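No experiment lies behind these values; they were computed from the predicted model shown. Just so it is clear, the values below take in all heavy atoms, side chains as well, and ignore hydrogens, waters and symmetry mates.
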Amino acid sequence: LAKKQGKVLVLTNITQLVTLAGSPGPRRGAALQELNIITDAAVLCSGGKIVAASKQREMLKHPWFKKNKKKIEEFDCGGGVVTPGFVDSHTHLVFAEPRLVDFEKRIAGETYEEIAAAGGGIKSSLAGVRKASKAELASRAEAALYKMLDGGTTTVEAKSGYGLSLESELKSLEAIKAAAKKWPGTLVATLLGAHVVPPEFKDDRAAYVREVTSKMIPQAAKKKLAEYVDVFCERSAFTPEETAKIFAAGRAHGLKLRAHVGQFTPCDLEKLLRHKPDSFDHMDVFRDEDLPRLAKSDTVATLLPAANYFLGHTKYPDARKLISAGVAVALATDYNPGTSPTTSMQFVMSAACTQMKMSPAEVLVASTINGACGLGLGDRKGSIQSGKDADLAVFDIGDYRELPYWIGGNACVGTVANGNLSER
Ligand code: NIG
Ligand code: FE
């Protein structure tokens, strides 16, 4: 979506400017630790792009800066930390209501899969979305997007997936488009018609897969309502064979691919890698033999530890094993009513540090440039380099390691999204 271009803006008085400058591809292995921090820095933005990022005293000497001094708006970061705006590369943005019954059942000891099999889970979110108007869904989505922006997130991947009929999936995608118009950040829309088989098709799964491949995908693509197709590949949802069919249909209609894999049971990733998805999400469990091929591919593994936390799991994705194997790892919220009702990337980073033993540097790379790569946006988003989109987050902390350190808080005091400044 084309965004209104921000005016000329300079961010000054930055103790640590975490640029993450580097090549546009995803970072792996030791490169996941490289932050390229500039101390006592400033960032200059114009026309929605970053013009320069440097030491503040050098910035003041920049010829462009001198020439345009009068029309430059200044934001004083108060000695804080500035990072690239977070890229939340996995959210189920469109839903109608929280799922409090599931929440209480889980506290009482039932598992996610047991609750889902008994008619709770994703299916219990369908009625609300089916009866909601597009405007209602859009206004809920917009409210969530502003909470995300408040926490430093400037790029969001947003899925449909709680309608599961042609009409309500398209309505959900239209709601995403409507919300995107009212938000300064960047939205990437994903069709998740293949979230689960809805009750109407329970005796004919193949017919539902056809509904997805021959109606939802072609119409979402034709109306330019989605860039991606996602599938929940899991024993309670879709098989790897069905996922491969849906992938093929998505590609045939010019859509890019991503999938939920290995949330509860391991998946044959090789079968799916042939379709070159941009991301495999969750990866709580995986087969070790798939790792070398995954590491050689451009597919990013998007880990979602807030879902593990909220489901009360003690086991988290084995990030250390993935990183040592050379897999490109990203982090995202998985914002959704069933397994991860949070918009906070800071919480996600904290959980990744304490539960998955990722370092503060790694979680920052995973929440910015690697998330951008998982959305095919590595050349535009995720690092602070001249020519890239002006997407920045300002925090009132003195050291980037405080981002995952302060639990449950929000240190963000300002964001710049496509050049547009919002203060908290
Ligand atoms: O990513 N796993 C599938 N989708 C969501 C959960 C959806 C729900 O329970 O509403 C997830 O965790
Ligand atoms: Fe998800």
Side-chain angles (χ1 to χ4, degrees), residues 6 8-22 27 31-46 49-62 64-66 69 72-87 149-154 331 344-350 352-353 358-372 381-386 388-417 419-424:
V8 186
L9 174 70
V10 66
L11 269 58
T12 55
N13 199 7
I14 303 166
T15 296
Q16 288 184 338
L17 177 67
V18 188
T19 67
L20 277 82
R27 315 279 156 89
L32 269 162
Q33 304 272 4
E34 287 165 20
L35 299 181
N36 282 316
I37 294 175
I38 305 174
T39 53
D40 305 316
V43 189
L44 183 63
C45 311
S46 173
K49 302 284 173 197
I50 291 163
V51 176
S54 66
K55 287 269 187 202
Q56 182 161 326
R57 62 180 140 68
E58 281 162 30
M59 177 78 67
L60 302 179
K61 289 187 283 188
H62 195 288
W64 198 98
F65 187 85
K66 280 188 171 162
K69 211 168 188 167
I72 297 177
E73 179 189 355
E74 180 179 343
F75 182 71
D76 184 330
C77 299
V81 170
V82 172
T83 69
F86 297 137
V87 177
L149 189 72
D150 243 23
T153 299
T154 53
L331 289 166
S344 173
M345 286 299 288
Q346 235 187 293
F347 173 74
V348 168
M349 292 193 284
S350 186
C353 286
M358 289 175 72
S359 72
E362 288 173 331
V363 299
L364 196 46
V365 171
S367 302
T368 53
I369 182 68
N370 277 14
K381 309 278 184 193
S383 65
I384 303 172
Q385 291 175 271
S386 84
K388 277 197 150 182
D389 293 348
D391 291 347
L392 307 160
V394 184
F395 302 96
D396 64 349
I397 50 178
D399 187 302
Y400 76 88
R401 291 172 295 184
E402 292 178 64
L403 284 172
Y405 173 87
W406 299 109
I407 308 166
N410 179 11
C412 184
V413 290
T415 50
V416 178
N420 301 288
L421 174 70
S422 316
E423 293 177 55
R424 277 188 89 217

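- To the nearest 0.5 Å, the span separating CG on L421 from OG1 on T415 amounts to 7.0 Å.
- Side-chain contact check for T154 versus L149: some heavy-atom pair is nearer than 4.5 Å.
- Of all the heavy atoms in A411 and I397, the pair that sits closest is CB-CG2, 4.0 Å.
- E74 and T12 are linked by a side-chain donor-acceptor pair at a separation below 3.5 angstrom, with hydrogens and angles left out of the test.
- Between V81 and G398, the shortest heavy-atom contact is CG2-C, 3.7 Å.
- When the options L331, V348, L403 are evaluated for a side chain to side chain contact (heavy atoms under 4.5 Å, CB included) with V363, the one that passes is L331.
- At distances below 3.5 Å, at least one donor-acceptor pair connects side-chain atoms of K388 with backbone N or O atoms of K381.
- Within the 4.5 Å cutoff, no side-chain heavy atoms of F395 are placed close to those of V82.
- To the nearest 0.5 angstrom, L20 atom CG is 10.0 Å from Y400 atom OH.
- Side-chain atoms of D76 come within 3.5 Å of backbone atoms of G78 as a donor-acceptor pair (strictly under, hydrogens ignored).
- Side-chain atoms of T39 and Q16 include no donor-acceptor pair closer than 3.5 Å.
- One distance of note links CD1 of I37 with OG1 of T83; it measures 11.0 Å at 0.5 Å rounding.
- Atoms CD1 and CD, on I14 and Q56 in that order, are 7.5 Å from each other to the nearest 0.5 Å.
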Can F86 and F347 be said to form a ring pair (Phe, Tyr, Trp, His ring centres under 6.0 Å), step by step? CA-CA 12 Å; F86 297 137; F347 173 74; over 10 Å; no
Please report the C-alpha distance between V10 and V43 in whole Å, then the side-chain angles of each, then the deciding distance to 0.1 Å, and finally whether the side-chain contact (heavy atoms from CB on, under 4.5 Å) criterion is met. CA-CA 6 Å; V10 66; V43 189; over 6 Å; no
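- Here the shortest heavy-atom pairing between A361 and Q33 reads CB-OE1, 3.6 Å.
- Distance CG/L392 to CD1/I384: 5.0 Å, rounded to 0.5 Å.
- Closest non-hydrogen pair, P84 versus T368, comes out as O-CG2, 3.8 Å.
- The two atoms that bring V413 and F75 nearest to each other are O-CZ, 4.4 Å, heavy atoms only.
- When only modelled atom types and interatomic distance are considered, S344 and Q346 share no side-chain donor-acceptor pair under 3.5 Å.
- Looking at heavy atoms from C-beta onward, D399 lies in side-chain contact with E402 at the 4.5 angstrom threshold.
- Using a 4.5 Å heavy-atom threshold, the side chains of T19 and I38 count as touching.
- The backbone N or O of A21 sits less than 3.5 Å from a side-chain atom of N36, completing a donor-acceptor pair.
- At a threshold of 4.5 Å between non-hydrogen side-chain atoms, the residues R27 and I369 count as touching.
- Looking at every heavy atom in both residues, P404 comes nearest to P360 through CG-CB, 4.0 Å.
- Here OG of S54 is found 4.0 Å from CE of M59. Values are rounded to the nearest 0.5 Å.
- Side-chain contact between S386 and V51: absent, with no pair of heavy atoms (C-beta onward) separated by less than 4.5 Å.
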